[in-house]
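This report concerns only the one structure given below.
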Amino acid sequence: MQTTELTSQIPQLGLTVHNLWMMVSIMLVFIMHLGFSTLEIGLTRSKNTVNILFKNMMIVAVGLVTYAICGFNLMYPGDFGCIEGVLGFAGFGVGPAADYDPLTYHAVDGIGGTYTYWTDFLFQGMFAATAATIVSGAVAERFRLDSFFIFSILYVGLVYPIVGSWQWGGGWLSSFSIGESAGFHDFAGSTLVHTVGGWAALVAVYLVGPRIGKYVDGKINAIQGHNIPLAAIGVFLLWFGWFGFNGGSVLSADPETTSKVLVTTCMAAAAGALSAVIVSLVLFKSYDLSMGINGILAGLVGITAGADQMGVMDSIWIGIIAGAIVVGAVAFFDRLKLDDPVGALAVHLACGIWGTLAVGIFGAKAGMDQFLVQLIGLAATGATCIISSLVILLPIKALLGLRVSEIEEIEGLDMHEHQMEAYPDFRIDSH
Amino acid sequence: MQTTELTSQIPQLGLTVHNLWMMVSIMLVFIMHLGFSTLEIGLTRSKNTVNILFKNMMIVAVGLVTYAICGFNLMYPGDFGCIEGVLGFAGFGVGPAADYDPLTYHAVDGIGGTYTYWTDFLFQGMFAATAATIVSGAVAERFRLDSFFIFSILYVGLVYPIVGSWQWGGGWLSSFSIGESAGFHDFAGSTLVHTVGGWAALVAVYLVGPRIGKYVDGKINAIQGHNIPLAAIGVFLLWFGWFGFNGGSVLSADPETTSKVLVTTCMAAAAGALSAVIVSLVLFKSYDLSMGINGILAGLVGITAGADQMGVMDSIWIGIIAGAIVVGAVAFFDRLKLDDPVGALAVHLACGIWGTLAVGIFGAKAGMDQFLVQLIGLAATGATCIISSLVILLPIKALLGLRVSEIEEIEGLDMHEHQMEAYPDFRIDSH
Amino acid sequence: MQTTELTSQIPQLGLTVHNLWMMVSIMLVFIMHLGFSTLEIGLTRSKNTVNILFKNMMIVAVGLVTYAICGFNLMYPGDFGCIEGVLGFAGFGVGPAADYDPLTYHAVDGIGGTYTYWTDFLFQGMFAATAATIVSGAVAERFRLDSFFIFSILYVGLVYPIVGSWQWGGGWLSSFSIGESAGFHDFAGSTLVHTVGGWAALVAVYLVGPRIGKYVDGKINAIQGHNIPLAAIGVFLLWFGWFGFNGGSVLSADPETTSKVLVTTCMAAAAGALSAVIVSLVLFKSYDLSMGINGILAGLVGITAGADQMGVMDSIWIGIIAGAIVVGAVAFFDRLKLDDPVGALAVHLACGIWGTLAVGIFGAKAGMDQFLVQLIGLAATGATCIISSLVILLPIKALLGLRVSEIEEIEGLDMHEHQMEAYPDFRIDSH
Amino acid sequence: MKKIEAIIRKSRFEEVRKALYKVEIHFFTYWDVTGQGNETEAHVYRGVSYTASDIQRRHISFVCNNEYAEPAIQAILAAARTGEVGDGKIFVSEVLESYRIRTGEQGSVSLKENR
Amino acid sequence: MKKIEAIIRKSRFEEVRKALYKVEIHFFTYWDVTGQGNETEAHVYRGVSYTASDIQRRHISFVCNNEYAEPAIQAILAAARTGEVGDGKIFVSEVLESYRIRTGEQGSVSLKENR
Amino acid sequence: MKKIEAIIRKSRFEEVRKALYKVEIHFFTYWDVTGQGNETEAHVYRGVSYTASDIQRRHISFVCNNEYAEPAIQAILAAARTGEVGDGKIFVSEVLESYRIRTGEQGSVSLKENR
Ligand SMILES: Nc1ncnc2c1ncn2[C@@H]1O[C@H](COP(=O)(O)OP(=O)(O)O)[C@@H](O)[C@H]1O
Ligand SMILES: Nc1ncnc2c1ncn2[C@@H]1O[C@H](COP(=O)(O)OP(=O)(O)O)[C@@H](O)[C@H]1O
Ligand SMILES: Nc1ncnc2c1ncn2[C@@H]1O[C@H](COP(=O)(O)OP(=O)(O)O)[C@@H](O)[C@H]1O
C-alpha cells in the first residue's frame with residue numbers, strides 16, 4: 001500500500017483506540033450498578049432484598065430510556081436555546097446530526113476524534129442512572145416503590161441533565177470564574193453526580209423519616225445489614241467500576257492522563273479505607289469492616305472531582321480526609337435522625353462536597369479563587385437539587401405518600417410489594 | 001525514524017487495536033459463564049446448588065477442550081470437504097496454517113487484519129460452551145450429571161459447530177437468499193447460539209419430565225429459587241458479558257459499528273426489563289423481579305440477531321416485544337408441562353426465534369424476503385437441533401437414564417451426586 | 001493534515017494502544033482481589049467471614065500504600081546500588097524521573113513505548129498485594145488480625161519486592177544461566193508471586209498450628225466451607241482476572257503474543273479442572289466441586305511461569321499435571337498436619353513450583369539446562385522467603401502471639417475482633 | 001413450674017417481648033418456625049400466583065414458677081393479638097425440674113434472677 | 001390435651017402433612033433440627049471423605065384434643081416410615097392448657113377450627 | 001420417660017455431646033435458638049456500638065427412660081458450665097409415650113438402641 005493511503009488511516013485508527021477505551025469505561029460504569037445493588041442489599045435487612053434489587057435493576061432500564069427520550073438532549077443541548085447557559089434542549093430522542101462525522105464529533109487537540117456519538121450517549125446514560133441509585137440506597141427499607149419510580153423518572157430525566165448541562169454541557173458553571181480561576185472544576189462528577197444524588201437523598205430521607213426502631217427514646221439503634229459478603233462484593237465492584245467512571249471521564253485514552261487518573265483513584269480509595277478503619281478503631285475499639293467499606297467509597301467519591309489534577313500524595317491526603325469525614329458524617333447524620341441505611345449521605349453527599357472543595361485545596365488548580373468557585377458551584381447546584389427534590393417529592397407525598405404502611409415495613413417490603421422472598425430456602429431470623 | 005518506516009507500522013497497529021477489543025470481548029463472554037451460574041443457582045433450590053455449579057464450571061472446561069479437539073475445525077472448516085456447504089472438517093487439534101499471517105488472517109476491507117488466529121479460537125470457544133449451559137439451566141434439579149456431560153460433549157463438540165458452520169463458517173445458510181434478500185442474517189447468534197441451545201433444552205426438558213411437585217393434579221406450582229441476590233448478580237453479569245457477546249461479534253473495533261451495537265444491545269435490554277415488568281404487573285398485580293430478570297435477558301437475546309442492523313427505536317421495540325414474549329412464553333411452557341426452572345426456554349428459545357425473525361421486520365434489512373429467509377434458517381437449524389438432540393439423548397436415556405432417582409431428587413442432588421452441601425453453616429428449610 | 005505530521009502521531013498512538021491493554025490488565029488484576037475474597041470466605045466458616053473480608057479488603061489498601069512508599073522502588077531500583085544484582089533502592093515515594101518520557105519509558109523493539117510510568121506502578125502494585133492475600137487464605141480462621149497486618153506490611157513492603165527485583169527488576173536471577181539456558185524464566189510470577197506467597201504461607205501455617213478440631217486423635221476432619229456459591233464466584237473471577245495477570249505480563253498489547261497467552265492460560269485452567277475432577281472422582285468416588293475449583297486455580301498457577309512459551313498441547317499437559325498435583329498436595333499437606341482451609345499451599349506453592357519447573361520441561365525453552373536454572377531460582381527464592389518469614393513471624397509470635405484465643409476461635413473471629421456478624425438475619429448452624 | 005409456649009406472628013415479637021418484661025419475665029428462648037394453620041399468604045413467582053399456608057412464625061418458650069404463669073399468658077394474649085386469622089396459640093404444660101447450669105442450682109430458685 | 005412431637009425425615013414431610021390432613025389435623029408447627037442418632041451420612045470435601053451422624057430432620061409439633069391423638073400418631077407412623085435406620089421418633093406428652101390468641105378462647109375449643 | 005431440654009452455649013456443644021455419649025445418650029435432637037437472658041454481647045456496626053441481649057444458643061432435646069435422666073443431667077451440668085453468666089438452663093418434664101417410626105415399637109423399648 002502507498003504511504004499516503006496508509007497514513008490516511010491514522011485519524012480513524014486514533015478514533016478506534018480512544019473509542020475502545022470509552023467503551024470499556026461504559027461497561028465499567030454499567031457494572032457499578034451491580035456494585036450498588038449488592039452493596040445496598042448487603043447493608044439492609046433480608047426482608048427488603050427483593051425490593052432493593054428491583055429498584056436497582058429497573059433504575060438502569062428507566063435511566064437509559066429516559067436519557068434516550070430527553071435526558072441526553074437536555075444535558076448536551078449544543079446551544080442553550082431556552083435560557084442562556086442554564087437551559088437548553090435539543091429535542092426528543094437520540095441520533096446524530098445530519099453532518100455527523102465520528103472523526104470530528106469529539107475531537108481533542110493533538111489527538112483527533114476520540115469517540116462516536118453512540119459511545120457518548122451510552123457513557124452519559126450509564127452515569128445518569130447513578131444519581132437515582134444513590135437515593136435508592138438512602139431511603140431503602142421504607143420508601144414506596146411507585147413513588148420512588150415517579151421521583152426517579154423526573155429527577156433522572158430532568159434535574160440531573162439540567163444541572164449537568166451547566167458544567168459538562170458547556171453552561172454557565174463551566175465558564176464561571178473568580179479572579180485567576182479557570183472555571184468550576186468537576187472532573188468526573190463529585191458534584192454533578194454524587195452530590196446531585198446526595199442532595200436528593202437528603203431531602204428524601206428527611207421527608208420519609210427514619211425506619212421504625214432506628215431512633216427510640218433518643219437512642220440510636222444499629223440495624224445491621226444482613227449480608228456482609230454481598231456488601232463487600234459491592235464495594236469491590238464499585239472500585240472496579242470507578243476505573244471507568246474516572247478513567248473514562250478523561251474522554252480519551254490519552255496514556256499519561258488516563259493512567260495517572262487510575263493511580264490517583266486507587267490511592268485515594270486505599271487511603272480512604274485505611275483512614276476510616278483507623279479512625280473507627282480509635283473511636284470504637286473495633287476493626288469495623290462496615291466503615292472500611294464506606295472508607296473506600298469515600299476516597300473514591302472524594303477524588304472524583306479532581307482525579308486529573310492531583311499528584312500521588314494529594315490523592316492520598318484526599319483519601320485520608322475523606323475516610324475521616326465519612327466516619328464523622330455517619331455519626332452526624334445519625335445525630336440528626338436522618339436514617340440512611342447504607343451511608344449514602346455520608347459517602348456521596350459529604351464526600352462529594354469534600355471532593356469538590358479539595359480541588360481548591362490540593363493539586364494543580366489549588367488556590368483561594370478556585371476554592372470559592374468550587375464553593376459557589378456547590379451552592380448553586382445544591383440549592384437547585386434541594387428545591388427540585390422538594391418540588392417533585394412534596395406532591396408525590398401528598399398524592400401517593402412516600403412511605404409504606406407500618407405493617408409492610410415490619411414484615412418486609414418483599415412480601416408486600418413483590419409477594420416474593422429473597423431467600424425462601426433459608427431460615428431467616430428477621431430483625 | 002523515517003516516515004515510511006513508521007508508516008509500515010500502521011497495519012500492525014490496527015491489528016493490535018482490533019485484536020485488543022476482541023480480547024476484551026473474550027473476557028466478557030467468559031464472565032457470562034459466571035452469570036449463567038449464579039442466575040441458575042439463584043433460581044433453583046439450595047439442595048441442588050453444588051450440582052449446578054459443578055455443571056456450569058465444568059462445561060466451560062469441557063467446552064474449551066472439545067472445541068480445541070474438533071469443534072473449531074468443524075465450525076470453520078475453511079472449505080466444506082465432506083458435504084458442500086453443510087459439513088467440513090479441518091482436522092483435529094488447533095494451530096494456525098503454515099502460511100499464517102495475523103495481518104491477513106481476518107482482514108476487513110479498509111481496516112486490515114483485525115485479530116489473530118488465537119483470538120479467533122478463544123472467542124469462538126467461549127461461545128461454544130454457552131449452548132450447553134442453556135440446556136443445563138432448563139433441566140436443572142433432576143438431570144443425571146453423567147448423562148448431561150455425555151450429551152454436552154457430543155452437542156458442543158459436533159452439533160453446535162456443524163450448525164454454526166452453515167452460517168458463520170461460510171456454509172449454505174450464509175448465502176441462502178430469496179428474492180432481494182442478501183442471505184440469512186444472524187449477527188451474534190440469536191439462532192446459532194440461543195436457539196441451538198434452546199432446541200436441545202426443549203428436547204431434554206420433554207424427555208426428562210418435570211420436577212416432582214411442579215405439576216400436581218393439573219395445578220401448576222411455583223418452585224421458588226433459593227437466592228434472588230445471586231440471580232440478580234447473574235443477570236447483571238450476563239448483561240455485562242453481552243457487551244462482548246454482541247460487541248465482539250463485530251469482529252473488529254470499528255468505532256461506529258461497535259458503539260452502535262452496544263447502544264442497541266443496552267436499549268433492548270432496558271426495554272425488555274420494563275416491558276416484562278409492566279406486563280406482569282398488569283397480569284399478576286405484583287412487581288415481579290423474577291420476570292424483570294427474564295425481561296432483561298429476553299431483550300438481550302432478542303437483539304442479538306440484528307444488533308448491527310437496528311436503530312435506537314428498533315431496538316427498543318424489539319426489547320419491548322421480547323419482554324412481552326418472555327412473560328407469555330413462561331406461562332405457555334408451563335401450560336405444556338415443560339418444566340424449566342430458570343426460564344431458559346422462554347428466554348433463549350422463544351426470544352431467540354423472535355430475534356431472528358425481527359431482522360426481517362425491523363432495521364436495515366427488513367422485508368418480506370428477508371423474513372422468509374430468516375424463517376427458513378430457523379426451521380432448518382431447528383429441525384437439525386431437535387433431531388440431533390433426540391439422536392443423542394434417546395440412547396443415553398436407554399442406557400444410563402436421564403433422570404436421577406426420586407429419593408435423590410427429593411433430598412437434593414448435592415448430597416447424592418457430590419456428597420457436599422452448598423451452605424453447611426446455614427439452617428436450610430428446603431422445599 | 002500533512003503526511004509527516006500524521007505520521008509523527010504513530011508512536012504516540014502505539015503507546016496509547018499498548019497502555020490501554022495494560023490498564024485493562026490492571027483492572028483485571030484488581031478484581032482478582034475480589035475473587036480471592038469470595039473464594040476464601042466461601043471455603044471457610046461463616047463465623048470468620050467478616051474477619052477474612054476485612055483482611056482481603058485492607059490488604060489491597062495496605063499493599064498499594066506500602067508499594068507506593070517503598071515497594072516499587074525496591075523492586076525496580078534501576079540500578080542495584082546496595083548489593084549488585086540483589087538489593088537496590090530508588091528512594092521513597094513514587095513519581096517519574098525528571099527526564100521521563102512515556103514514549104521511551106518502556107520501549108519494546110519494533111513496537112515503541114508500551115506504557116506509562118503510572119501504568120507500570122499500578123500494575124505492579126496490584127500484583128504486590130496478591131502475595132499477602134495468599135497467606136491470608138492459608139492461615140484463615142485462627143491468625144490474629146494485628147499480627148497478620150504487621151507481617152503483611154513487612155512482607156509486601158520488603159521481601160516481595162526484593163525477591164522480585166532479582167528477576168523482574170533486572171537482578172542476578174534474570175541473567176543467571178547454565179550452559180545453553182538464557183536465564184531464569186518466570187513469565188508472570190509462578191515463582192515471584194505464587195511461591196513467594198506460598199512459602200510465607202507454609203511458614204505461617206506451620207507456626208500458627210492447625211484449627212481446633214482439624215486433626216483429632218490422628219484423624220483428619222473436614223471443616224467445610226460455608227458458602228460454595230461464593231467460592232465458585234471467586235474462582236470464576238480469578239480466572240477472569242488471570243486474563244490480565246498473564247495477558248498484562250506481556251507488557252504490551254502485541255496481538256500474537258497476548259492472544260496466545262490467553263489461549264494457553266485458558267487451556268491450562270480447563271485442563272486443570274478436568275484433571276482434578278477426574279482424579280478425585282477415581283479416588284473419592286464423588287464429583288468433588290471443591291477439587292474442581294482447586295483444579296482451575298492449579299492450572300492457572302501452573303501456566304503462569306511459561307504462558308508465553310507454551311503451545312496449546314503443552315499448556316493442556318501443564319494443566320492436567322497441575323490438576324493432579326493439587327489433589328495430591330491437598331492430601332499431602334493434610335498428612336503433615338499443615339492445616340490450610342482454602343488449599344493455598346496446594347495451589348500456590350505446589351503448583352507454583354510445578355509451573356516454574358514446567359518451563360524446563362515443556363515449550364520453547366525446555367531443556368536440562370533450563371530445568372536446572374529454574375530449580376536453582378526456586379531454591380534461592382524459596383530459601384529467602386522461608387528465612388524472611390521466620391525472621392518476621394518469630395518476633396511477632398514472641399511479642400503479640402500469632403493465634404487468637406481458644407474461645408475466640410470457637411466462637412468465631414467476627415464476634416471477637418469485629419463485634420459484627422456476617423449474616424445477622426440468617427439462622428446459622430455454626431460448626 | 002410451668003412451661004409456656006407461644007407461637008406468634010414475627011411482627012408482634014417486639015410487643016410481646018416488652019409485655020413479658022413488664023410481668024417480670026426476663027428470660028426466654030425463641031426460634032423461628034413455620035406454622036400451618038388457617039392463614040394463607042399470596043405469592044407470585046415467575047408468573048405463577050399461588051397461596052401458601054406455610055407461614056413463618058416465632059416460637060417463644062420459657063419456664064417460670066407457677067405464680068408467674070397467668071400474668072405472662074395474659075401479657076402475651078394482649079400483646080400478640082391483631083384480631084386477624086393467624087395470631088397463633090399459647091400452650092401451657094408442667095415442668096418437673098429446672099437447673100441453672102452456671103451455678104448448678106436446682107428447683108424454683110434456678111428460675112430467679114441471679115447475676 | 002396432648003402434645004405430639006414427631007422428628008421425621010425431611011423427605012417424608014409432604015407425605016406426613018397429607019396424612020395429618022386426612023385425620024383432621026390442620027394445624028401444626030414445624031421447624032428443622034439436627035438429629036443425632038444411628039444414621040450416618042457420607043460426605044466428601046476437598047479430598048477428605050467422612051461420615052457425619054448429624055443429620056437434618058424436621059420437627060413437627062402440635063397440640064390436639066385427646067381423641068385426635070391416636071389417629072394422628074398412626075397417621076405419622078405410616079406416612080413417615082421408609083424402613084431404613086433414621087426414620088425418627090414420636091413423643092407424646094400432656095398439655096395443661098391452650099389459648100387461641102386471636103379470640104382469647106381457652107381450653108379444648110381453642111383447638112377447634114374457627115375462622 | 002423423661003424429656004430433657006438443655007439450652008447451652010454453642011461453644012460448649014461439642015463437650016456436651018461427648019459427655020452425653022459417656023452416659024449412653026446416643027440420640028438427641030438439637031437446633032439453634034436465640035436466648036434472652038442476663039448475658040449481653042457488645043456489637044459495633046457502622047460506628048454505632050450497642051449491646052444485644054439476644055444471644056444465639058443451642059437447644060438440645062431428648063427423651064430417655066427414667067434411669068438415664070439423672071446421669072444425663074449431671075453430664076450436661078458439668079460439660080456446659082463455664083461459670084460466666086449465660087451458661088443456660090436444663091428443664092425436665094414427663095413424656096407419656098414414645099414411638100420408633102421405623103419399627104412402630106412403642107414405649108421404653110423404642111428408646112433403646114436397635115439397628
Ligand atoms: N394445635 C396447634 N398445634 C400447634 N401449633 C398450632 C396449633 N394451632 C395453631 N398453631 C400455630 O398457630 C398459628 C396460627 O394459627 P391459625 O390457625 O393460622 O390462626 P388462628 O389461631 O388465629 O385461627 C399456626 O400457623 C400454627 O403455627
Ligand atoms: N431419644 C431421642 N430423643 C430425641 N430425639 C431422638 C431420640 N431418638 C431418636 N431421635 C431423633 O430421631 C432421629 C432418627 O433416629 P435414628 O436413631 O437415627 O433412627 P431409628 O429411630 O430408625 O433407629 C435422630 O436423628 C434424632 O433426631
Ligand atoms: N426461664 C427460662 N426459660 C427459657 N429459657 C431460659 C430461661 N432462663 C434462661 N433461659 C435461657 O438460658 C440462656 C442463659 O441464661 P442467662 O440468664 O443469660 O444466664 P444464667 O442462666 O447463667 O444466669 C438464656 O439466653 C435463655 O436462652
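For the numbers below, each heavy atom of this structure counts, side chains included, while hydrogens, waters and symmetry mates do not. Quick note on labels: first sequence line is chain A, next is B, and so on, each numbered from 1.
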Side chain, backbone, both or neither: which part of D:Ile4 has an atom under 4.5 Å from a heavy atom of chain E?
neither
Do E:Trp31 and D:Arg57 have side-chain heavy atoms sitting under 4.5 Å apart?
no
Quick one: CD on D:Gln36 to CZ on E:Phe62, what's the gap to the nearest 0.5 Å?
12.0 Å
Would you tell me whether E:Tyr99 and D:Gln74 have side-chain atoms, one donor and one acceptor, within less than 3.5 Å of each other?
no
Which heavy atom in E:Thr103 sits nearest to a heavy atom in D:Arg81, and how many Å separate them?
C-NH2, 4.2 Å
Less than 4.5 Å apart, any side-chain heavy atom of E:Arg17 and any of D:Asp54?
yes
From NZ (D:Lys2) to CD (E:Glu97), nearest 0.5 Å:
11.0 Å
Here the pair of heavy atoms bringing D:Asp87 nearest to E:Ile101 is O-CD1, 3.5 Å
Give, for atom CD of E:Glu105 and atom CG of D:Leu77, the distance between the pair rounded to the nearest 0.5 Å.
11.0 Å
Rounded to the nearest 0.5 Å, what's the gap from OG on D:Ser93 to CD on E:Glu94? Could you check?
9.5 Å
Using modelled atom types and a 3.5 Å cut-off, is there a donor and acceptor pairing between side-chain atoms of E:Arg102 and backbone atoms of D:Gly83?
no
Please examine the side chains of D:Phe91 and E:Leu111, heavy atoms only from C-beta on, and report whether any two atoms are closer than 4.5 Å.
yes
Heavy-atom pairs under 4.5 Å with chain E are the metric here; pick the option from D:Ala78, D:Gly86, D:Gly37 that has the most.
D:Gly37
To the nearest 0.5 Å, what is the distance between CD (D:Glu5) and OG1 (E:Thr29)?
9.5 Å
Can you tell me which of D:Ile7, D:Thr34, D:Ile76 forms the most heavy-atom pairs within a distance under 4.5 Å of chain E?
D:Thr34
D:Glu84 portion near chain E, given a 4.5 angstrom heavy-atom threshold
backbone
Restricting to non-hydrogen atoms, name the atom on D:Val92 and the atom on E:Val95 that form the minimum distance, rounded to 0.1 Å.
O-CG1, 3.3 Å
